[in-house]
Undergrad: 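The structure is given below, and queries will be raised subsequently.
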Amino acid sequence: MEKIALYGKFSENMLNALKAKCPEGFETYLVKPDDDLALLADADYMVNRGGVVNAASIAAAPKLKFIQKWGVGYDKIDVKAAGGRGVPVSVCVGGNSMPVAELAVTLMLAVLRSIEPLKDHMRLGEWAREQYSGRSYLLHGKTVGLVGIGNIAKKVAAIVRNGFDCEVLYYDVFRMPPEQEQALGVKYVELDELMAQADIVSIHVPLLDSTAGMISKERLAMMKPTACIINTSRGGVVDEAALIEALEAGTILGAGLDTFAAEPLDKDSPLLKLDNVVATPHCGGNTVDNDINMAAICMEDIARYAATGDKGMRSIVNKEELA
C-alpha cells in the first residue's frame, strides 16, 4: 500500500473528497504544517495545500516520488529542490478555474458598484443611497484587460463577453494563434497598452522571477483614473506599496484583491482601511462544490504518474529542474 501525505491545510470536506477519490492501492494520511516533518518519512506521494514545501520538508521524505499541488499556484514549493531529487511537481490544471474566475468577476462588480462602503454605511444606520453614485459604474460595455490568458482568464473572458458585452484585451508572454483569439473573442496588446486602455485590469499570471512586481508604480500610473485592478493570482505580481499609494491618491478607482504580498494580510494594512478596496482572504478556489473536482484531479495525476512514470505530463511544472 503506497502512502499519500496530505500536507498542509485541508477542510473536512476536502479530506473526505480526497479519500473518496483515492486510487486503489493507495492510502492517505494528514500532515499539518506545524507537525513534525518526520511524519513525511513514510510518504510515497504528497498532495500539498497551503504548507511550505522547502528543501527541509523534501529531505524529510526520502521515499517521495511525486508532489501534487492542490491548485495551480506553486510559489511555496521549492521546485528546484524537488527537481534535484528527481521529484516532479504537478498542479491541478484547470481545476479551480471556474471558482476563481467567478470571484474575479464578483470583485469587479463589487468595486465598480462601491458595495463595501455602502454596506458599511448601512451597518451604521446611514442610508447613503446617493453618496457613491458619482463613483459607481457599469461593468457592461467596459474594456477588460487580462494579464495572462490561462484557464482562469479564459473563463473570465467568456463571462464578461457573454454576460456583460465587454471588449476583452489580453497580454501574455505566449500569444495565442489568431484562430484561438477569434474563438475566444479577445485581442492581444502589449502590457503597457493594456494598462492604459482597460477599464478593469485583471491579473492571471503565476508568481515567478519574471512576473514579480510586473504591475509596477509606472504601470499603475498608466491606468485611467476610472479604472480598477483585480488580483486573484498572487500578491507579489503587484507592487503593493505603489498600489496603496495610487488607491489613497485616487489616481485609480479601486481594487479587488484576493491575494497579497504577505499572507495573512496584517489587520493594520492600509488596504483594509480604504473604502475603494474589496479584499478577500485568498479564497478564490474555495467552494465546497468544487472540492470533489479538485480531489479527482489530484488523485488522477498521482495515479497516472504511478502507472507511467511520465515526467512529461502537462501538469508537471518543474520539467527543466528534474534530475
Side-chain angles (χ1 to χ4, degrees), residues 100-101 103-114 134-150 152-154 156-157 159-161 164-176 181 184-261 269-271 274-279:
V100 177
L103 180 63
V105 177
T106 299
L107 291 172
M108 293 177 195
L109 292 165
V111 173
L112 290 171
R113 296 305 301 268
S114 303
R135 62 175 236 198
S136 294
Y137 294 87
L138 294 171
L139 176 55
H140 184 270
K142 296 299 187 291
T143 298
V144 176
L146 303 173
V147 181
I149 195 70
I152 296 168
K154 288 175 182 175
V156 171
I159 294 169
V160 298
R161 280 192 68 250
F164 297 92
D165 199 24
C166 292
E167 178 186 4
V168 181
L169 310 176
Y170 85 95
Y171 166 77
D172 198 285
V173 290
F174 300 108
R175 182 175 177 177
M176 293 188 295
E181 292 178 350
L184 193 57
V186 299
K187 177 185 176 184
Y188 175 85
V189 294
E190 293 295 333
L191 181 55
D192 289 354
E193 185 177 353
L194 182 150
M195 298 298 296
Q197 290 190 16
D199 298 301
I200 300 101
V201 175
S202 191
I203 301 168
H204 302 281
V205 293
L207 180 58
L208 307 169
D209 289 343
S210 59
T211 62
M214 72 185 295
I215 307 302
S216 60
K217 181 175 183 177
E218 293 73 22
R219 288 198 166 114
L220 288 166
M222 297 173 186
M223 294 176 66
K224 301 175 184 179
T226 55
C228 62
I229 191 160
I230 307 297
N231 190 4
T232 54
S233 61
R234 287 296 185 269
V237 175
V238 180
D239 181 334
E240 196 166 277
L243 175 61
I244 291 170
E245 183 179 334
L247 291 164
E248 289 179 335
T251 55
I252 63 174
L253 178 70
L257 308 172
D258 188 48
T259 57
F260 307 90
S269 169
L271 290 169
L274 293 166
D275 70 357
N276 56 350
V277 174
V278 179

Undergrad: Closer than 4.0 angstrom, basic N to acidic O: yes or no for D258 and R234?
TA: no
Undergrad: Under 3.5 Å, which donor-acceptor pairs link side chains of residues 139-150 to any protein atom two or more places apart or in another chain?
TA:
from	atom 1	to	atom 2	distance (Å)
K142	NZ	L138	O	2.9
T143	OG1	E167	OE1	3.4

Undergrad: Search all heavy atoms of E240 against all heavy atoms of F260 and return the closest pair with its distance.
TA: OE1-CA, 3.6 Å
Undergrad: Going from SG on C166 to CG on D199, what distance comes out if it is rounded to the nearest 0.5 angstrom?
TA: 8.5 Å
Undergrad: Find out whether L109 and F164 are in side-chain contact, i.e. whether some heavy atom of one side chain is under 4.5 Å from a heavy atom of the other.
TA: yes
Undergrad: In terms of heavy-atom contacts, does NZ of K187 have more than 12 from other residues, nucleotides or ligands at under 6.0 Å?
TA: no
Undergrad: Identify the two heavy atoms, one from S233 and one from T259, that lie closest to each other, and give their separation to 0.1 Å.
TA: O-CG2, 3.2 Å
Undergrad: Using a 4.5 Å cut-off on heavy atoms from C-beta on, say whether the side chain of M176 contacts that of Y170.
TA: yes
Undergrad: Distance check, rounded to the nearest 0.5 Å: T106 atom OG1 versus I159 atom CD1?
TA: 8.5 Å
Undergrad: Below 4.5 Å, heavy atoms only, C-beta onward: do V201 and N231 meet side chain to side chain?
TA: no
Undergrad: Can you check side chain to side chain contact (heavy atoms under 4.5 Å, CB included) on V160 and D165, steps first, answer last?
TA: CA-CA 6 Å; V160 298; D165 199 24; over 6 Å; no
Undergrad: Is any side-chain heavy atom of L271 less than 4.5 Å from a side-chain heavy atom of L247?
TA: yes
Undergrad: So L257 and I230, side chain to side chain contact (heavy atoms under 4.5 Å, CB included) or not? Walk me through it.
TA: CA-CA 6 Å; L257 308 172; I230 307 297; over 6 Å; no
Undergrad: Quick one: are I229 and I215 in side-chain contact, heavy atoms under 4.5 Å?
TA: yes
Undergrad: Closest heavy-atom contact between P270 and I244?
TA: CB-CG2, 3.8 Å
Undergrad: Any side-chain to backbone donor/acceptor pair from R135 onto L253? Under 3.5 Å, distance only.
TA: no
Undergrad: Quick check against the 3.5 Å criterion: does K224 have a side-chain atom that pairs as donor or acceptor with the backbone of A196?
TA: no
Undergrad: Which atom names give the shortest non-hydrogen contact between I252 and A227, and what distance separates them?
TA: CB-O, 3.5 Å
Undergrad: Is there side-chain contact between M108 and C228, with at least one heavy-atom pair below 4.5 Å?
TA: no
Undergrad: My understanding is that only residues two or more places apart in sequence, or in another chain, count here; which of them pass salt bridge (charged side-chain N to carboxylate O under 4.0 Å, His left out) with E245?
TA: K217
Undergrad: Short question: side chain of S216, backbone of G213 - any donor-acceptor pair under 3.5 Å?
TA: no
Undergrad: Quick check: closest heavy atoms across L220 and D239, and the distance to 0.1 Å?
TA: CD1-O, 4.2 Å
Undergrad: Quick one: sort the Y171 and Y188 rings into parallel, tilted or perpendicular, breaks at 30° and 60°.
TA: tilted
Undergrad: Got a donor-acceptor contact below 3.5 angstrom from the R219 side chain to the M195 backbone?
TA: no
Undergrad: Kindly indicate whether the side chain of I203, heavy atoms from C-beta on, has any atom under 4.5 Å from the side chain of V238.
TA: yes
Undergrad: Which distance, rounded to the nearest 0.5 Å, do you find between the CG of L107 and the CG of L112?
TA: 10.5 Å
Undergrad: For the CG atom of D192 and the CD atom of Q197, what is their distance to the nearest 0.5 Å?
TA: 11.5 Å
Undergrad: Any non-hydrogen side-chain atom of E181 less than 4.5 Å from a side-chain atom of R175?
TA: yes
